[in-house]
S.K.: 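One structure is given below, represented as structure tokens, and several questions about it will come after.
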Amino acid sequence: MTLRINQTAPDFTADTTQGSISFHEWIGDSWAVLFSHPKNFTPVCTTELGAMAGLDGEFKKRNVKVIGISVDPVESHPKWKQDIQTATGFEVAYPLIGDRDLKVAKLYDMLPDDAGESSEGRTPADNATVRSVYVIGPDKKIKLILTYPMTTGRNFDEILRTIDSIQLTAKHQVATPANWKQEDDVIITAAVSNEDAITRFGSFDTVLPYLRKTKQPQG
């Protein structure tokens, strides 16, 4: 199964460090970030899980639930969580999925169907493609997919930035330009006429006939 933006995120039932969950039910009316790891006790991933834990309050402010996944079994996650706290100073409070049988990794197109049916004996290199981030909306649609190489730690500030953009543009008929951050000007979408833009946004600047900028809408 090949996943694309705006497709429904595949639902699944899985064991986690906080018990069994049904993914769509767990998301509920919230947004969600699902981020995956090729194996427990790997150095880059250890820093990533700690960084995500350190941003817990930022995700909660945005009504975003966080859930991690590793192809290793749930039973090995508690020891890894201890290592993460030792290395980063942050306690992992969000659930971690155990994907011992590789079902979720395959369901989310991170491993091929012929990858086998067990994480046992597989090295991080065997699972190198299990390094993806999925941002999922309350409608259970995939809003963003990012995949990183094993040697490059993920930038979770960037993931927060993209969530800010996705949430803003879902509410208003605007888009965000390159390197946008909160309070920067935004782009008015082509679906909004000049007259409607004045009504909606008060004023705007026409940079090009197809590029109109205005202040970030509030609320």
S.K.: Decide, yes or no, whether a salt bridge links E75 with R100 under the criterion of side-chain N to carboxylate O below 4.0 Å.
M.R.: yes
S.K.: On a heavy-atom basis, which atom in D185 and which in P177 lie closest, and how many Å separate them?
M.R.: O-CD, 3.6 Å
S.K.: Of all heavy-atom pairs between L34 and I97, which one has the smallest distance, and what is that distance?
M.R.: CD1-CD1, 4.1 Å
S.K.: Before giving the answer on side chain to side chain contact (heavy atoms under 4.5 Å, CB included), spell out for F35 and R154 the whole-Å C-alpha distance, their side-chain angles and the decisive distance to 0.1 Å.
M.R.: CA-CA 10 Å; F35 70 118; R154 284 170 268 202; 3.9 Å; yes
S.K.: Output yes when D113 and K106 qualify as a salt bridge under the 4.0 Å nitrogen-oxygen rule, no when they do not.
M.R.: no
S.K.: So, is the end of the K65 side chain (NZ or CZ) under 6.0 Å from the ring centre of W26 and within 45° of the ring's axis?
M.R.: yes
S.K.: Please give me the minimum heavy-atom distance between I163 and V64, naming the atom from each residue.
M.R.: CG2-CG2, 4.0 Å
S.K.: What pair of heavy atoms forms the shortest contact from G50 to T88, and how long is it?
M.R.: CA-OG1, 3.4 Å
S.K.: Would you say the side-chain atoms of E58 pair up with the backbone N or O of L55, donor to acceptor, closer than 3.5 Å?
M.R.: no
S.K.: Name every donor-acceptor pair, under 3.5 Å, that has one atom in a side chain of residues 125-140 and the other anywhere in the protein, sequence neighbours excluded.
M.R.:
residue	atom	partner	partner atom	Å
D126	OD2	T123	N	2.8
D126	OD2	T123	OG1	3.2
N127	OD1	R122	NE	2.6
N127	OD1	R122	NH2	2.9
N127	ND2	P38	O	2.9
T129	OG1	M110	O	2.4
R131	NE	P149	O	3.4
R131	NH1	E48	OE1	2.6
R131	NH1	E48	OE2	3.1
R131	NH2	E48	OE2	3.0
R131	NH2	P149	O	3.2
R131	NH2	T152	O	2.8
S132	OG	T147	OG1	2.8
Y134	OH	Y108	O	2.9
D139	OD1	K141	N	3.0
D139	OD1	K143	NZ	3.3
D139	OD2	K143	NZ	2.9
K140	NZ	G28	O	2.8
K140	NZ	P138	O	2.8

S.K.: With sequence neighbours excluded, what pairs up with K39 under the side chain to side chain donor-acceptor pair (under 3.5 Å) test?
M.R.: D72
S.K.: List the steps and the verdict of side chain to side chain contact (heavy atoms under 4.5 Å, CB included) for F201 and I188.
M.R.: CA-CA 9 Å; F201 309 114; I188 301 169; 3.9 Å; yes
S.K.: Return the minimal non-hydrogen interatomic distance between S20 and D15, and the atom names on each side.
M.R.: CB-OD1, 4.0 Å
S.K.: State whether the side chain of Q18 and the backbone N or O of A93 hold a donor-acceptor pair below 3.5 Å, judged by distance alone.
M.R.: yes
S.K.: Provide the closest heavy-atom pair for P95 versus T17 in the form atom of the first, atom of the second, distance.
M.R.: CA-OG1, 3.5 Å
S.K.: Hey, does the side chain of N155 reach the backbone of D157 with a donor-acceptor pair shorter than 3.5 angstrom?
M.R.: yes
S.K.: Is there a donor-acceptor contact under 3.5 Å linking the side chains of Q167 and R62?
M.R.: no
S.K.: Inspect the contact between D164 and R161 and indicate whether a charged nitrogen and a carboxylate oxygen are less than 4.0 angstrom apart.
M.R.: no
S.K.: Under 3.5 Å, is there a donor-acceptor pair between the side chain of T214 and the main chain of S203?
M.R.: yes
S.K.: Which residues end up grouped with M150 if you chain together Ile, Leu, Val, Met, Phe, Trp and Tyr wherever their side-chain heavy atoms are less than 4.5 Å apart?
M.R.: none
S.K.: If only side-chain N and O atoms count, and only distance matters, is there a donor-acceptor pair under 3.5 Å linking W180 with S165?
M.R.: no
S.K.: Hey, is K79 close enough to D83 for a salt bridge, meaning N to O under 4.0 Å?
M.R.: yes
